[in-house]
Amino acid sequence: MAHDHAAHGHSHGAGHVHGSTDKKRVLIAACLTGGFMVAEALGGLLTGSLALLADAGHMLADSIALGLAWYAFHLAGRPATGRLTYGFARVKTLVAYTNGIAIFAIALWIVYEAWGRLMHPAPVLGGPMLVVAVAGLLVNIASFFVLHGGDRESLNMRGAILHVLGDLLGSAAAIVAAVIILATGWTPIDPILSVLVSLLILSTAWSLMREAAHVLLEGVPASLDRDLIAKDLEAAVKGVREVHHMHVWSLDGTSNMATLHACLDDGVDPHMAVSAIKKRLATKHGIEHATVEPEFGHCADSHDEHDHHHDHDHAHDAPRDRRHYH
């Protein structure tokens, strides 16, 4: 098998630049969020506002999540080892998935608390609540813009932005609730807006978790089609008769990788064919790191039982090519 170390190194270098700046951005956002979280929690307790307490709960989880995101970037910069041959890049995806779970838990807790407040309304101090909520909104806006300038293709950065966006919405909801309470004295608006914000956050958290899970399961990236890539290689690379045993996945949501077997025509230079396949994958499909196994005649992994099983599975596929992807 041949490995495209040069292309992979180039991709890693570009990713390292993004990772370095993203790491700083996440650390700044974590400090801003964690620093104000204490003030907002105290404000929620003093004013009796669930909206403030809910936002403080978001900010507590978010400061922890942002800290984990920072640590994930820190680990991703470490070189690969004999045991972790791809390095620590996938830690960022694990953190993104964990962040999604944390957001779900917090949002469900807010809904539960809001139901209790609706059943048993409690007094809320609208004036102090408004002051704290406005200050929280300013802090969250600052954190959002710090993170927004980072690499939005990174699942880890998107998870961090999602956390801060949830805080921003929570602060905005607290401001609206405070204004309504000051104007009308109607306190149920406090838990009602808290629930609406939680529902918005749940939908975006689900999307983040689904994407992170797809990466962890080594699914084909949404922007790529494995079967079309295989057909493109067969059509575009001279001497390639068939591509099979092809796997396409992403290491961390941004770095795409592939392995495949390429059955070549007799007399074709395998080194030239492999180089052409790698170049086509990189320039046409954005797959910078590929492992290609050239073959002549039968596939090295084929055996009678496998071939019989393959023929049975594809008996109804004629006149399609009998390629066997696993």
Worksheet item: Considering only heavy atoms from C-beta outward, does the side chain of Val248 approach that of Pro221 to under 4.5 Å?
Response: yes
Worksheet, complete the sentence: Note: Met209 and Phe104 closest approach over all heavy atoms is SD-CD1, 3.6 Å
Worksheet item: How many angstroms lie between CD in Glu40 and CG in Leu52, if you round to the nearest 0.5 Å?
Response: 5.5 Å
Response to the item:
Here the pair of heavy atoms bringing Leu193 nearest to Ala173 is CD1-O, 3.4 Å
Table please: side-chain donor-acceptor pairs of residues 262-275 below 3.5 Å, with sequence neighbours left out.
from   : atom 1 : to     : atom 2 : distance (Å)
Asp269 : OD1    : His271 : N      : 3.0
Ser275 : OG     : His271 : O      : 3.0

Practice prompt. Please lay out, stage by stage, how Leu66 and Leu147 fare under the test side-chain contact (heavy atoms from CB on, under 4.5 Å).
Written response: CA-CA 11 Å; Leu66 289 168; Leu147 293 175; 4.2 Å; yes
Worksheet entry | Listed partners of Val91 passing side chain to side chain contact (heavy atoms under 4.5 Å, CB included), at least two apart | Ala72, Leu75, Phe88, Val95
Fill in: Common cluster, Trp206/Ile110, ILVMFWY with side-chain heavy-atom separation under 4.5 Å
no
Item to complete: Any chance you could measure Asp227, atom CG, to Asp232, atom CG, to the nearest 0.5 Å?
Response: 12.5 Å
Item to complete: Identify the two heavy atoms, one from Glu288 and one from Ala282, that lie closest to each other, and give their separation to 0.1 Å.
Response: OE1-CB, 4.0 Å
Worksheet item: Which atom pair, heavy atoms only, marks the closest approach of Asp190 to Ser49?
Response: OD1-OG, 3.2 Å
Worksheet item: Considering residues, nucleotides and ligands other than Phe296, do more than 12 of their heavy atoms fall under 6.0 Å from its CZ?
Response: yes
Worksheet item: Any side-chain heavy atom of Val164 within less than 4.5 Å of one from Leu32?
Response: no
Worksheet item: Could you give the distance from CD1 (Ile277) to CD (Glu293), rounded to the nearest 0.5 Å?
Response: 11.5 Å
Practice prompt. State yes or no: do Tyr97 and Val215 share one hydrophobic cluster built from I, L, V, M, F, W and Y residues joined by side-chain heavy-atom distances below 4.5 Å, directly or via other members?
Written response: no
Worksheet item: Do you know the tightest heavy-atom contact between Arg241 and Gly297?
Response: NH2-O, 3.9 Å
Discussion item. Distance check, rounded to the nearest 0.5 Å: Leu251 atom CG versus Met257 atom CE?
Written reply: 5.5 Å
Worksheet item: Does Val220 belong to the same Ile/Leu/Val/Met/Phe/Trp/Tyr cluster as Met246, with side-chain heavy atoms less than 4.5 Å apart forming each link?
Response: yes
Discussion item. Quick check: do Ile181 and Ile189 have side-chain heavy atoms less than 4.5 Å from each other?
Written reply: yes
Worksheet item: Rounded to the nearest 0.5 Å, what separation is found between the CD atom of Glu295 and the NE2 atom of His261?
Response: 5.5 Å
Discussion item. Testing the basics here: between Ala276 and Val237, what is the closest heavy-atom pair and its distance to 0.1 Å?
Written reply: CB-CG1, 3.8 Å
Discussion item. Please determine whether the number of non-hydrogen atoms from other residues, nucleotides or ligands lying under 6.0 Å from atom CH2 of Trp109 exceeds 12.
Written reply: yes
Discussion item. Check whether Lys23 reaches the backbone of His74 with its side chain - one donor and one acceptor, N or O, closer than 3.5 Å.
Written reply: no
Worksheet item: Are Trp115 and Tyr112 joined in one hydrophobic group, where the rule is that I, L, V, M, F, W and Y side chains link up if heavy atoms are under 4.5 Å apart?
Response: no
Practice prompt. Mind checking the CG-CG spacing from Leu281 to Leu260? Nearest 0.5 Å is all I need.
Written response: 6.5 Å
Worksheet item: Can Leu216 be reached from Leu84 by stepping across I, L, V, M, F, W or Y side chains whose heavy atoms are under 4.5 Å apart?
Response: no
Donor-acceptor list for residues 124-146 side chains, cut-off 3.5 Å, not counting sequence neighbours:
from   : atom 1 : to     : atom 2 : distance (Å)
Asn140 : ND2    : Gly136 : O      : 3.0
Asn140 : ND2    : Asp167 : O      : 3.1
Asn140 : ND2    : Ser171 : OG     : 2.8
Ser143 : OG     : Val139 : O      : 3.2

